[in-house]
Each structure stands twice: as C-alpha cells, then as structure tokens.
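So the structure is just underneath, and the comments pick up after that.
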Amino acid sequence: MSYDFEFKQLLRAYRNGVISQATFESELTGLEAGASTNGNGNGGGGFKAFGRTYKSERAAVVSFLDKVRAGEANGGEAFSAWAEVCTTDCIRTGIRMVAEREAYHSRVFAQRLAELGGEARAMLTEAGRKATAYLGDPSISDNEKLLDFTKRVGKPEDAIKPICEFAALLKEDLSTKEALRLFAEDELSTAKWIWDACAALNAPKQHEARASDSM
C-alpha cells in the first residue's frame, strides 16, 4: 500500500473526527518513518488482536468491521431462509427477529467501515453459502437446526468472548468500541434464545429416549 494512499486515509479519519489530533500526528510520524503506531504505546510493535499483529488499531478495526459486516449479512440471509420454511409456530417470529438483527448489524458496520475510509472487501464464503442452504432446507426439521446451531456456536458467553476482548483493546476508536459492546449483547441475546428454544423443543424427544432406554 503506497504512502500517499495511507496518508489520505489517515487524513480523512482525522477530518471526520474519528481520531484525535494527537493520534493523527503520532500515526503520521510512524508512517513517515515506515512504521505505524497503534495508539496504545506499543511504538512500532503494532496492534495485537485475534492472534495476529496489525500495524495500527485502526487497521485492526477496519479488518474486523469488514469481516463482521459480511458475516452478519450472510447471517441475515440464512435466518431469513430458515423463517421461510420454519414449521414450528412458537419460534418462527423469533427467527425472523434474529434475521433482522443480523441484517442491521451488517448495515451499521458497513456504515462505520465507510466512515473510517475502509473498503468492503470481505465476500460471502463457501461456509456461509452452505449455512444458508442448510437453514433454508425444508427437509431438515427445526429441532435439528436448533441442535446444530448450539453445537457449532457453543455456550453463549463463550461465543461473544472474542468480541468483548477486542472491544476492551480499543483505546482510540471509542465509537466502534461502544458499538461492539451493543453488538456483543445482541449476539448473547440471540444465542441464549436459541439455546432455550433448543432445550424446550428437544426435551420431549430426550425424555422419550430415556424412557425407551429404561425398558
């Protein structure tokens, strides 16, 4: 990436109020020296998150927002596909609400990405396409889909842990930091609801299985 491009992106972030003057000057000094700081006192050591090192906090945020934007858009489509074929009355409206929640996350993160001068590069993955096809398959029962979700996502509190940890690292981009706090709460709410629905709807089958084993 050229110096001119990075300088323009940095200047745009400063003019839009995304970063402070002190951060702008610090980043500019690092850029001119051939390295960037992360606003957390690491000098040229970079910003560490998700097991890798980014050249700055902003670079990490842009990368995260782009990936989550794409992932949440896919989530919205997948849950919408599920709602269309859902045959369990008590969860159909809930599935629709989850679809809307995923979709609005994508829109908000896309807007924040644009405000930071980032580009929407992440695309729908093969895993994402398979997830939509799976949830939209009318031959698969809602109970099976609920069980699959809880198995893949794991415990709700564990599922949102990476989001919370990343948000805690942010020192300069307080706007994204607060958005991620709300995002984590939404994801926790969704996961808990699905876990509860799974437990309620699969309890009769589990009871029947135990009764059968005791005969």
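Because the structure is predicted, anything quoted here is derived from the model rather than measured.
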[X] side, atom [atom1]; [Y] side, atom [atom2] - distance, nearest 0.5 Å:
{"X": "I91", "Y": "I194", "atom1": "CD1", "atom2": "CD1", "answer": "8.5 Å"}
{"X": "N74", "Y": "M123", "atom1": "CG", "atom2": "CE", "answer": "12.0 Å"}
{"X": "E178", "Y": "D173", "atom1": "CD", "atom2": "CG", "answer": "10.5 Å"}
{"X": "L182", "Y": "I163", "atom1": "CG", "atom2": "CD1", "answer": "11.5 Å"}
{"X": "E115", "Y": "T176", "atom1": "CD", "atom2": "OG1", "answer": "8.0 Å"}

Whether the side chain of [X] engages the backbone of [Y] through a donor-acceptor N/O pair (distance < 3.5 Å, no angle test) should be reported.
{"X": "E172", "Y": "E57", "value": "no"}
{"X": "D66", "Y": "V62", "value": "no"}
{"X": "T150", "Y": "L147", "value": "yes"}
{"X": "K48", "Y": "T53", "value": "no"}
{"X": "E102", "Y": "F79", "value": "no"}

**Request:** Tell me, with the steps shown, if S141 and N143 meet side-chain hydrogen bond (donor to acceptor under 3.5 Å, both in side chains).
**Result:** CA-CA 5 Å; S141 71; N143 286 22; 5.4 Å; no
**Message:** Quick test of your reading: applying side chain to side chain donor-acceptor pair (under 3.5 Å), list the pairs with at least one residue in residues 183-194, sequence neighbours left out, ordered by first then second residue.
**Reply:**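 For residues 183-194: R101-S189, R101-T190, Y104-D186, H105-D186.
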**Message:** Test: side chain to side chain donor-acceptor pair (under 3.5 Å). Region: residues 75-87. Which pairs qualify, not counting sequence neighbours?
**Reply:**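 As it turns out, the side chain to side chain donor-acceptor pair (under 3.5 Å) pairs with a partner in residues 75-87, which skip direct neighbours, are W82-D142, T87-D142.
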**Message:** Would you call the rings of F166 and F47 parallel, tilted or perpendicular, taking 30° and 60° as the class edges?
**Reply:**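 Aromatic pair F166/F47 classed perpendicular.
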**Asked** Hey, are R121 and E119 close enough for a salt bridge, meaning a charged N less than 4.0 Å from a carboxylate O?
**Response**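 Salt bridge flag = yes for E119 with R121.
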**Message:** Please tell me whether F64 and L188 are part of a single hydrophobic cluster in this structure, the criterion being side-chain heavy atoms less than 4.5 Å apart.
**Reply:**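 They do not share one cluster, since no chain of ILVMFWY contacts under 4.5 Å joins F64 to L188.
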**Message:** When you group the ILVMFWY residues by side-chain heavy-atom contacts below 4.5 Å and let the links chain together, are V68 and L170 in the same group?
**Reply:**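 Cluster IDs for L170 and V68 match.
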**Asked** Under the side-chain contact (heavy atoms from CB on, under 4.5 Å) criterion, do F109 and L180 qualify, and how do the steps go?
**Response** CA-CA 10 Å; F109 288 139; L180 292 184; 4.1 Å; yes
**Asked** Would R58 and V61 satisfy side-chain contact (heavy atoms from CB on, under 4.5 Å), going step by step from the backbone distance to the final call?
**Response** CA-CA 5 Å; R58 178 181 169 279; V61 169; 5.6 Å; no
**Message:** Would you say that more than 12 heavy atoms from the other residues, nucleotides or ligands in this model lie under 6.0 Å from the CZ of R129, or not?
**Reply:**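 Atom CZ in R129 is crowded, with more than 12 foreign heavy atoms closer than 6.0 Å.
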For [X] and [Y], work out which heavy atoms get closest and say how close.
{"X": "F50", "Y": "P162", "result": "CE2-O, 4.0 Å"}
{"X": "A49", "Y": "Y54", "result": "O-CE1, 3.6 Å"}
{"X": "G136", "Y": "V85", "result": "O-CG1, 3.7 Å"}
{"X": "A159", "Y": "V153", "result": "CB-CG1, 3.6 Å"}
{"X": "C90", "Y": "L201", "result": "SG-CD2, 4.0 Å"}

**Item:** salt bridge (charged side-chain N to carboxylate O under 4.0 Å, His left out) against D89, all qualifying residues, sequence neighbours excluded
**Value:**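 By the salt bridge (charged side-chain N to carboxylate O under 4.0 Å, His left out) rule, D89 matches R92.
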Within the structure provided, determine whether [X] and [Y] are in side-chain contact (heavy-atom separation under 4.5 Å).
{"X": "L65", "Y": "R69", "value": "no"}
{"X": "F149", "Y": "C198", "value": "no"}
{"X": "K130", "Y": "E126", "value": "yes"}

**Request:** Begin from the C-alpha positions of V108 and F183 and carry the test side-chain contact (heavy atoms from CB on, under 4.5 Å) through to its verdict.
**Result:** CA-CA 10 Å; V108 170; F183 174 48; over 6 Å; no
**Asked** Which is it for I95 and K145 under the side-chain contact (heavy atoms from CB on, under 4.5 Å) test, yes or no, and what are the steps along the way?
**Response** CA-CA 12 Å; I95 295 297; K145 293 172 184 177; over 6 Å; no
